[in-house]
Asks: 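Please read through the structure below; I'll follow up with questions.
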Amino acid sequence: MNQTKGNAVSLAQLGHTVLRQRAAEVDNILGDECQHLINQMMLAVSKAGGVGIAAPQIYHSVRIFIMCSKPSVRYPDAPLMAPTAIINPEILHYSSEIVKDWEGCLSVPSMRGLVPRYSQITVCYFDQEGNKNQKKLTGFIARIFQHELDHLNGLTFIDRLESTKDLISEVEWYQQFT
């Protein structure tokens, strides 16, 4: 199901069943359908001003997400990272260090959570050209990867909270932390 509003792609919101499903592996990365979906996701994350988006968030239950870090109002200290398609991702290794930091989500508007994530991970994935990549990711980039991978496994950042006391409205977050 692809839901659109005019030229804009609508985003699945918390409670929609697509956000709770394990997404299917992508078989034909170079096929038109996959390439079109990646382009649609690149546009959607750009228009939404996010640092990442997963295919389930635009109603496609397949294992693709986009990472595109840059400083913004939501993430003023974010490092620069060109928009990158991540297909059939896996985490091969986790560091022992876990860091709690604030996250938001385009599918959970108006909320922020203090989410524990591994500070460093080694990952494997295919890119938009079908090339296999293995990289070590740290800090905010590692956080984005884990957040988006959760979407492919039917989870949102709220599922990772240690306590509901780690959940805050975005309005209150801006007042306290910016």
Side-chain angles (χ1 to χ4, degrees), residues 1-90 102-113 115 117 123 125-131 133 135 137 140-160 169-170 173-174:
M1 172 194 300
N2 182 15
Q3 299 187 4
T4 59
K5 293 178 184 173
N7 287 339
V9 175
S10 70
L11 299 174
Q13 299 297 294
L14 185 65
H16 194 285
T17 56
V18 73
L19 296 176
R20 292 300 184 187
Q21 299 168 358
R22 178 175 168 80
E25 296 284 325
V26 175
D27 294 325
N28 185 4
I29 294 170
L30 299 177
D32 289 345
E33 186 176 339
C34 182
Q35 293 296 311
H36 176 72
L37 177 58
I38 290 168
N39 292 336
Q40 193 177 20
M41 291 172 66
M42 293 273 192
L43 183 61
V45 74
S46 174
K47 284 187 175 191
V51 295
I53 195 167
Q57 290 180 276
I58 63 166
Y59 305 95
H60 291 270
S61 191
V62 293
R63 299 187 76 75
I64 302 173
F65 62 79
I66 306 296
M67 293 174 50
C68 54
S69 180
K70 62 186 175 297
S72 67
V73 173
R74 295 179 79 215
Y75 299 105
D77 299 322
L80 286 175
M81 178 186 181
T84 304
I86 308 291
I87 304 160
N88 295 336
E90 295 178 63
W102 293 103
E103 293 183 21
C105 181
L106 298 172
S107 291
V108 187
S110 306
M111 299 300 292
R112 287 283 178 123
V115 182
R117 300 273 186 200
V123 302
Y125 64 90
F126 292 90
D127 62 25
Q128 189 170 359
E129 290 77 40
N131 300 312
N133 294 265
K135 293 185 177 179
L137 305 176
F140 190 68
I141 301 299
R143 179 170 294 278
I144 296 170
F145 191 100
Q146 291 168 83
H147 177 109
E148 300 305 333
L149 182 58
D150 275 353
H151 278 302
L152 304 186
N153 293 325
L155 301 170
T156 68
F157 78 88
I158 292 173
D159 299 307
R160 297 285 184 192
S169 77
E170 201 157 71
W173 182 86
Y174 279 117

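The figures that follow rest on heavy atoms only: side chains count, while hydrogens, waters and symmetry mates do not.
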Asks: What distance separates T84 OG1 from I87 CD1, expressed to the nearest 0.5 Å?
Replies: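 These two atoms lie 10.5 Å from each other.
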Asks: Walk me through it: do C68 and V45 pass the test side chain to side chain contact (heavy atoms under 4.5 Å, CB included)?
Replies: CA-CA 8 Å; C68 54; V45 74; 3.6 Å; yes
Asks: Answer yes or no on whether R112 is positioned over the face of W173, meaning its NZ or CZ is under 6.0 Å from the six-membered ring centre and within 45° of the axis.
Replies: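 The answer is yes, since R112 meets both limits relative to W173.
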Asks: In chain order, what residues pass the side-chain contact (heavy atoms from CB on, under 4.5 Å) check against A55, with sequence neighbours excluded?
Replies: L37, M41, H60, V62, I64
Asks: Go through it in stages, so that I can follow the logic: the residues are I58 and I53, the test is side chain to side chain contact (heavy atoms under 4.5 Å, CB included), and I'd like the CA-CA distance, side-chain angles, deciding distance and then a yes or no.
Replies: CA-CA 8 Å; I58 63 166; I53 195 167; 3.9 Å; yes
Asks: Which atom pair, heavy atoms only, marks the closest approach of K70 to A78?
Replies: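 Result for this residue pair: O-CB, 3.4 Å.
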Asks: Is S46 reaching over with its side chain to a backbone N or O of A44, donor-acceptor style, under 3.5 angstrom?
Replies: no
Asks: Less than 4.5 Å apart, any side-chain heavy atom of L155 and any of H151?
Replies: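 No - every pair of side-chain heavy atoms lies 4.5 Å or more apart.
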Asks: Taking side-chain contact (heavy atoms from CB on, under 4.5 Å) as the definition, give me every residue that meets it alongside P109, ordered by chain and number, with sequence neighbours left out.
Replies: Q13
Asks: For F145, what residues pass the ring pair (Phe, Tyr, Trp, His ring centres under 6.0 Å) criterion, not counting sequence neighbours?
Replies: F65
Asks: Among all residues two or more places apart in sequence or in another chain, which pass the salt bridge (Lys or Arg N to Asp or Glu O under 4.0 Å) test with E25?
Replies: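 By the salt bridge (Lys or Arg N to Asp or Glu O under 4.0 Å) rule, E25 matches R63.
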Asks: Counting only heavy atoms not in N131, do more than 12 fall under 6.0 Å of its CG?
Replies: yes
Asks: Calculate, to the nearest 0.5 Å, the distance between atoms CD1 and CG belonging to I38 and L43 respectively.
Replies: 14.0 Å
Asks: Side chains of L14 and T156: does their closest heavy-atom pair fall under 4.5 Å?
Replies: yes
Asks: Rounded to the nearest 0.5 Å, what's the gap from CD1 on I144 to CD1 on I66? Could you check?
Replies: 12.0 Å
Asks: Measuring only between side-chain heavy atoms, which start at C-beta, is F157 closer than 4.5 Å to H147?
Replies: yes
Asks: Can you find a pair of side-chain heavy atoms, one from P71 and one from P76, that are under 4.5 Å apart?
Replies: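 Of all side-chain heavy-atom pairs linking P76 with P71, none is under 4.5 Å.
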Asks: Quick one, Q128 and Q35 - any side-chain contact, counting heavy atoms below 4.5 Å?
Replies: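 Side-chain contact under 4.5 Å: yes.
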Asks: Decide side chain to side chain contact (heavy atoms under 4.5 Å, CB included) for L152 and R22; before the verdict, give the C-alpha distance in whole Å, the side-chain angles of both, and the deciding distance to 0.1 Å.
Replies: CA-CA 6 Å; L152 304 186; R22 178 175 168 80; over 6 Å; no
Asks: Is atom NZ of K135 surrounded by more than 12 heavy atoms (other residues, nucleotides or ligands) closer than 6.0 Å?
Replies: no
Asks: Heavy atoms, side chains only, cut-off 4.5 Å: are C105 and M111 in contact?
Replies: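 Of all side-chain heavy-atom pairs linking M111 with C105, none is under 4.5 Å.
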Asks: Determine whether the side chains of S107 and Q57 contain a donor N or O and an acceptor N or O closer than 3.5 Å.
Replies: yes
Asks: Is it true that a side-chain atom of S69 and a backbone atom of P79 form a donor plus acceptor pair closer than 3.5 Å?
Replies: yes
Asks: Residues in ring pair (Phe, Tyr, Trp, His ring centres under 6.0 Å) with F140, at least two apart?
Replies: Y75
Asks: Can you find a heavy atom in the side chain of I29 that is under 4.5 Å from one in the side chain of E129?
Replies: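 Side-chain contact under 4.5 Å: no.
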Asks: Just to verify, what does R117 make a salt bridge (Lys or Arg N to Asp or Glu O under 4.0 Å) with, not counting sequence neighbours?
Replies: E103, D150
Asks: Would you call V123 and P89 a side-chain contact if the rule is heavy atoms closer than 4.5 Å?
Replies: no
Asks: Between M42 and P83, which heavy-atom pair has the shortest distance, and what is it?
Replies: SD-CB, 3.5 Å
